[in-house]
Amino acid sequence: MKMENETTDRPMLEAVNLSKRYDDGVLALDGVSFEVKPGEIFVMLGGNGAGKTTALNIFLNFIDPTEGEAKINGIMTHFDPLKAKELVAFVSENVMLYENFTAMQNLDFFASIGGKNVYGDKDYRDALLRVGLLEESHHKKLKNFSKGMRQKCGLAIAIVKDAPAILLDEPTSGLDPQAGHEFIKLLDSLRGEGRAILMSTHDIFRAREIADTIAILNRGKIIMQKKASEIAGRDLEDLYLQYMAGHNSEVESPAIGGV
Amino acid sequence: MFSILIIKELRAIIYSPKFTVTFAVCAVLMLLSVYIGINEYNRSVIQYRTAQELAEQRMTETTAWPNLINKAQREPNPLQIFAGGLNYDIGRWSLINREDSIKLQHTHYSDNPIYAVFRIIDFSFIVQFILTLFAILFTFDAVNGEREKGTLQLVFSNPVSRAKYLLAKCAGSWLGLVIPISIPVLLSLLLVVLFKVPLDGGDWIKIISFLGLSLFLFSFFIVLGVFISTLIRRSNISFLTSLVIWVVLVLIIPRAGVLAAGQIVYVPRVAEIEGRRNAFAKDKWAQFEAKMENTWIERSAESGGGCSSASDEKLWQWMKEDDAARKKVEIEIEDYYAKLKEDLRRRKAVRERSAAAISRISPASAYQLAAMSLTDTDVSLKTRYEDSMNSYRTLFNDYIDNKAEDAGPTGQIMIKVSSEDGFDMSSFDSDQSLDLSGLPRFRHPDRSFSESFYPAIIDFGILGIYTILAFIGAFFRFLKYDIE
Amino acid sequence: MLRILAKKEVREILGSMKFVITFSACAVLILLSFYMGAENYSLSRAQYEAVMAQNMERLEGLTDWFSVRSQRVFLPPQPLASLVNGVSNDIGRTIEVEGRGELTADDSRYNDDPIFAIFRFLDLDFIFGTILSLFAILLGYNTISGEKEQGTLRLALSNPISRNLYILGKLLGSGIALVVPLVIAMLIGCLLLVILQHPMSGEDWLRLAIIIITGLFYAGVFLTLSLFISSVTYRSSNSFLLLLSIWIFSALIIPRASVLLAGRAVDVPGIDENISQKAKYSSQLFKEELAKISQFQPASSGDPEKMVNEFNRFMEDIADEREKKQNEFNARINEARNNKLRRRERLSFNLARISPSTSMTLAATAMAGTSLDLKDHFVDEVSKYQKAFGDFMVNKTGSKPGDRMMMMKIKLGDEEEPEQIDPNELPVFRYQSVSLAQSVKSSLPDLGLLAIYNLLFIAGSFRAFGRYDLR
């Protein structure tokens, strides 16, 4: 299914000068701005505590920003979170679902709370098949699933929701090469449908493979943001290490530590 | 190697946040229970003394030997601070006189039913309900929790024998829980000393063996937790299982066991026995009256028509004869009642034995029974007092009889109504108070340590056997435990 | 939307191993307590009937109402009292009625049979107080913190549902998962009572229904409390530990400790002093009377029958006067003590009501007629009987038996054999338990308190979850 606003240039996801300081004084995000257009994959690269997950949390209104705003299709997430959340699907690092439910039951529950649409068993089956889960596993309880199967199930939930934006938090960590590859292929096809995809990862290899735009975060700041075309032919790992080295040699930033 | 494993267990326990919470709760509750226990004990001492004084005062105000009534009181027992047992459920005193037989009445709970609504709290309660719960709480995931975290695999990637590991696990958890808990225990003992609770050497030995018994129960639940954790692969399920087992062992079996025993052996109510005695007494007195009627008819014929014409001397002679006859009937009734009571007691003993046997399935009730025995607040408390009060009653009544014999007729009123002489009343009362210095006094039955300890031996044994069984179970399960 | 959330909650709970284990344990115990209650009742009933039979036998063959010196009355076992024991086993069940004088109940069940006092009985109050609350905690301790650990909370809230709606769904779902199985277990328990032919009247069933509702309210308190605690904690193990500590204090410690502490705050003089003062006054009165009695001269001399009657009337007047004086005296010294008792009772219970277990016990025992008032109520009921008995005896013999005069009649000459008395003429003691309206009235504040606890914790969980950190 194609998104109708594919042709417009209006960003689906937009971060404007986003900052977050936690109650304990840690500055997790420090004036971050970026935008993700429909049909685009934006990858945030960075180490632990760089602020990637904080940014996703603000988009999902799990936390409010201290400054700036996160917008989904122009809707400020902390202003009208419910409306905004109709437009995003979320896949977390370790997809954790209800262990005692079958894949179908999990899909049913999360799809039902997902939005205004009415879904049926057929939609669930299609989604599960699309992510590569065979029919026989549809009625198995989640506790019998491997990590790769769970991740696929999580993506199936996002697919069923049929949201124009998808947020992924470290989706490929811990997957074996084949599962990782399949996952990336699925993301590619979702991009092809015109969805805006925001993904955080520290997997440079996968980032390179799929990203339209890559941003490197360190201590809550974007220290590099480039189109995939701009870095074509260069070794991304070298680039990453180079940027990090350059940034860390600067004056000691107040934001030490991480989240 | 072994000590390294033990120290690791100790660390794991002491650094865990649940340790802080549980330790604090235990410490507070133990001290609270002992503090309350001391206060209640002091109160019952005051109550005891007041009641003693009142009974004494009542006696000094009596002017005739046959009217003398004494009250034999149960003496408060300082060990009730640790295990109240049946102390509050058994009557506090019995009247001692000619007419009434021994009956302990006015229990603490019936006098103050407000305490019966929730009952009291004592040290044995804390051990039985709280400590056992905490023992389970710390050990339910001893093995399967480590497996889930992956640390078990890591440990056994090193040259460690399984037997040693399990032993260290048990020993470590045991030390890690027992050493900290012994601090509030020692503080409670200190509290008892500071408040100057009168404890003699025998009492201290009883307290120490009571604490030893508590340790036995605590150890059982620690080992039980370890056993369950080897039995069940997932820690959240083993947690629920051990909680259910705890509920059944601690809350259910003791109660259900006693009730089941109550169903097996029918024991009539004391009131029924008394009713039977009264019916017997009624018949006897009716016979007595019929006999007296004849006697008096004979007597009046002897003195030449009408009793009033007889001399006072003769009248007293007759009354004495009547008294003797009455006493004979009284003794007959008493013997009959004693027989009934003996039968009741036998039935009760059978029921008590079967109740104890059934409920001892649960180590918690074995503990409770032994704790009561060690602190002299067990079921035999009642019979013990009844027996000693009975022998006191005999002493008392004999003494009174002798005195009354010497003192002549006092404290009696005689009213005669006859068709010939009309109405006549004579009273034999004196205002002189009695000399009570020679009156035998009630001495409360004292149990030596060995007498208290003897019934508890079986419970020590049961707890020991249960602990060993649980350990053996854990041991063999763990030898074949699938570590992956 | 709410329906979806609640449905998922119910489905998740019912499908979990946790529910299977805890509910089956809980259901077995509920059934056991109903069964034990019924068995216990039939045991006490058998004992009671034996006692009553003995009591009547005592009167058979008597030829003179004079010989009926007293009558014993017994608190009959109540079908509800065996289900919710309250203080019914602790207070005296037997009262000796002599037509006048103060009544004391003796022979408490636990004093008679201390073996039962060791562990007490397994009644509904106990099952509710300890097991039901534990069950509710187990059901609810990881409601929020568990989903947080699982990661499902973030996923669920990445969807357009408000937090209030989400927690409302949780509340509804877990409430249904708690109440429905429990109600079913209790209904089976009631069916068991019917099968065991437990003699319950219509009113008793109504009372039992209210007791069960009280139990559900109480379980609700612990469910909402668990919801609240689980939405202020981030790890379910912490949440459980906290709840378990609260449970220990609420179900086991606070009720006991607060009664004991309040007992220290209000010093009530011991009953022994009270009894002894009364006895002293009584013997003083007796001495005064003795002087009066010795001056008695019958107006009609000659016929002993008439003289005896005259004397009895005279004695009756004296006894009436004595009773009046004694009653005044008793009332005076009882009042001071009763005031203190009431103060202590109020203080203890109000202090203990910090714990919802107290409210549950007080409401349930009030409905079962086994609350603290049972003791006074029993004595009051017997007082009414005492009056009827006294009037009956005056009617039969001209005096009340409580005058404590030994009478020995000696008949000279041949008279015809007297007829035996008919013991069935004696008024029968019929125990009337506290009226339903009265019971409802005294349990209403506690039910209200339980409801308030529920609302409080619900409000608390909404507030806490609104601020729950989803990071």
Side-chain angles (χ1 to χ4, degrees), chain B residues 18 21 25 29 32 36 39 47 50-51 54 58 86 89-91 105 107 109-111 113-121 129-130 237 240 244 247 251-252 254-256 258-259 262-263 268-272 275-276 278-279 282 293 296-297 351-352 355 379 382 417-419 422-423 425 427, chain C residues 17-18 21-22 25 29 36 39 43 47 50-51 54-55 57-58 87 90-92 94 106-108 110-112 114-117 119-122 130 241 245 248 252-253 255-257 259-260 264 270-273 276 290 293-294 296-298 301-302 304 307-308 311 345 348 372 375 410 412:
Chain B
K18 69 179 164 187
V21 177
V25 169
L29 290 183
L32 181 74
I36 287 177
N39 271 313
Q47 189 182 32
T50 321
L54 290 171
R58 182 96 194 273
L86 296 174
D89 294 290
I90 292 174
Q105 44 196 333
T107 74
Y109 278 143
S110 72
D111 282 347
I114 189 159
Y115 292 115
V117 177
F118 303 111
R119 295 204 125 187
I120 50 120
I121 182 177
F129 291 90
I130 316 293
I237 301 293
L240 287 171
V244 168
V247 166
L251 300 179
I252 306 303
R255 289 159 189 257
V258 170
L259 207 56
Q263 303 287 337
R269 257 168 78 163
V270 173
E272 184 185 337
R276 207 171 283 172
N278 291 345
K282 175 208 68 185
E293 213 169 288
W296 279 89
I297 291 168
R351 187 178 58 185
E352 271 153 30
V379 186
K382 192 177 176 188
V417 186
S418 108
S419 44
F423 187 87
M425 185 184 127
S427 135
Chain C
M17 191 63 159
K18 174 176 90 173
I21 295 178
T22 51
L29 293 179
M36 292 275 185
E39 287 295 309
L43 181 69
Q47 284 185 329
V51 166
Q54 276 304 330
N55 201 40
E57 201 174 298
R58 188 175 65 104
V87 297
D90 294 288
I91 60 162
T94 310
D106 225 314
D107 291 344
S108 79
Y110 284 145
N111 190 21
D112 266 13
I115 180 95
F116 290 124
F119 302 111
R120 292 198 138 187
F121 291 102
L122 192 67
T130 54
L241 199 63
S245 306
I248 288 173
L252 303 176
I253 308 296
R256 294 157 192 258
V259 170
L260 288 166
R264 283 187 50 69
I271 185 93
D272 298 328
E273 291 156 67
S276 137
L290 220 51
I293 295 170
S294 56
F296 172 75
Q297 273 310 321
S301 56
M307 276 192 286
V308 167
F311 179 65
E345 184 186 325
S348 321
L372 201 51
K375 187 180 176 188
I410 293 167
L412 299 172

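Below, chains carry the letters A, B, ... as their sequence lines are ordered, and counting in each starts from 1. Values in this document were obtained by computation on a predicted structure and should not be read as measured data.
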Name the region of B:Ala355, side chain, backbone, both or neither, that has any atom closer than 4.5 Å to a heavy atom of chain C. side chain

Tell me, for B:Leu251 versus chain C, whether the close heavy atoms (under 4.5 Å) come from the side chain, the backbone, both or neither. both

Do C:Phe116 and B:Arg255 have side chains that approach each other closer than 4.5 Å (heavy atoms only, starting at C-beta)? no

Apply the test side chain to side chain contact (heavy atoms under 4.5 Å, CB included) to residues B:Leu86 and C:Ile115: give CA-CA distance (whole Å), side-chain angles for both, the deciding distance (0.1 Å), then the verdict. CA-CA 9 Å; B:Leu86 296 174; C:Ile115 180 95; over 6 Å; no

Does the side chain to side chain contact (heavy atoms under 4.5 Å, CB included) test come out yes or no for B:Arg119 and C:Arg120, once each step is laid out? CA-CA 10 Å; B:Arg119 295 204 125 187; C:Arg120 292 198 138 187; 2.8 Å; yes

What part of B:Arg58 lies closer than 4.5 angstrom to a heavy atom of chain C: side chain, backbone, both or neither? side chain

With the side chain counted from C-beta on, respond yes when B:Ser110 and C:Asn111 share a heavy-atom pair under 4.5 Å apart, and no when they do not. no

Heavy-atom distance under 4.5 Å to chain B: side chain of C:Leu252, backbone, both or neither? both

Working to the nearest 0.5 Å, report the span between CG of C:Asn55 and CG of B:Asn278. 8.0 Å

Report which part of C:Ala117 has an atom under 4.5 Å of a heavy atom belonging to chain B: side chain, backbone, both, or neither. both

Apply side chain to side chain contact (heavy atoms under 4.5 Å, CB included) to residues C:Asp272 and B:Gln47 and explain how you reach the verdict. CA-CA 8 Å; C:Asp272 298 328; B:Gln47 189 182 32; 3.9 Å; yes

Please flag which part of C:Lys18 lies under 4.5 Å from any non-hydrogen atom of chain B: side chain, backbone, both or neither. both

Side chain, backbone, both or neither: which part of C:Asp107 has a non-hydrogen atom closer than 4.5 Å to chain B? side chain

Honestly, the part of B:Tyr115 sitting under 4.5 Å from a heavy atom of chain C is both

When the 4.5 angstrom heavy-atom criterion is applied to B:Leu32 and chain C, the contacting part is side chain

What part of B:Pro254 gets closer than 4.5 Å to chain C, counting heavy atoms only: side chain, backbone, both or neither? both

Reference residue C:Leu260; test side chain to side chain contact (heavy atoms under 4.5 Å, CB included); the match among B:Ile121, B:Ile114, B:Asn39: B:Ile121

Side chain, backbone, both or neither: which part of B:Ile36 has a heavy atom under 4.5 Å from chain C? side chain

Please check if the side chain of C:Arg256 supplies one atom and the backbone of B:Ile120 the other of a donor-acceptor pair under 3.5 Å. yes

Drop me the distance from B:Leu54's CG to C:Glu273's CD, to the nearest 0.5 angstrom. 6.0 Å

Looking at C:Asp112, C:Thr94, C:Leu372, which one has more heavy-atom pairs under 4.5 Å with chain B than the rest? C:Asp112

Would you say the side-chain atoms of B:Asp89 pair up with the backbone N or O of C:Tyr110, donor to acceptor, closer than 3.5 Å? no

Is any side-chain heavy atom of C:Leu29 closer than 4.5 Å to a side-chain heavy atom of B:Ile252? yes

What residue in B:Val379, B:Thr50, B:Leu240 has the most heavy-atom pairs under 4.5 Å with chain C? B:Leu240

Polar side-chain atom of B:Lys382 near backbone of C:Pro114 as donor-acceptor pair, under 3.5 Å: no

Side-chain heavy atoms of C:Asp90 within contact of B:Pro113, under 4.5 Å: no

At a 4.5 Å cut-off on heavy atoms, which part of B:Val258 comes close to chain C: side chain, backbone, both, or neither? both

When you compare the side chain of C:Thr130 with that of B:Val247, does any pair of heavy atoms fall below 4.5 Å? no

Heavy-atom closest pair (C:Gln54 atom, B:Ala279 atom, distance to 0.1 Å) is OE1-CB, 4.4 Å

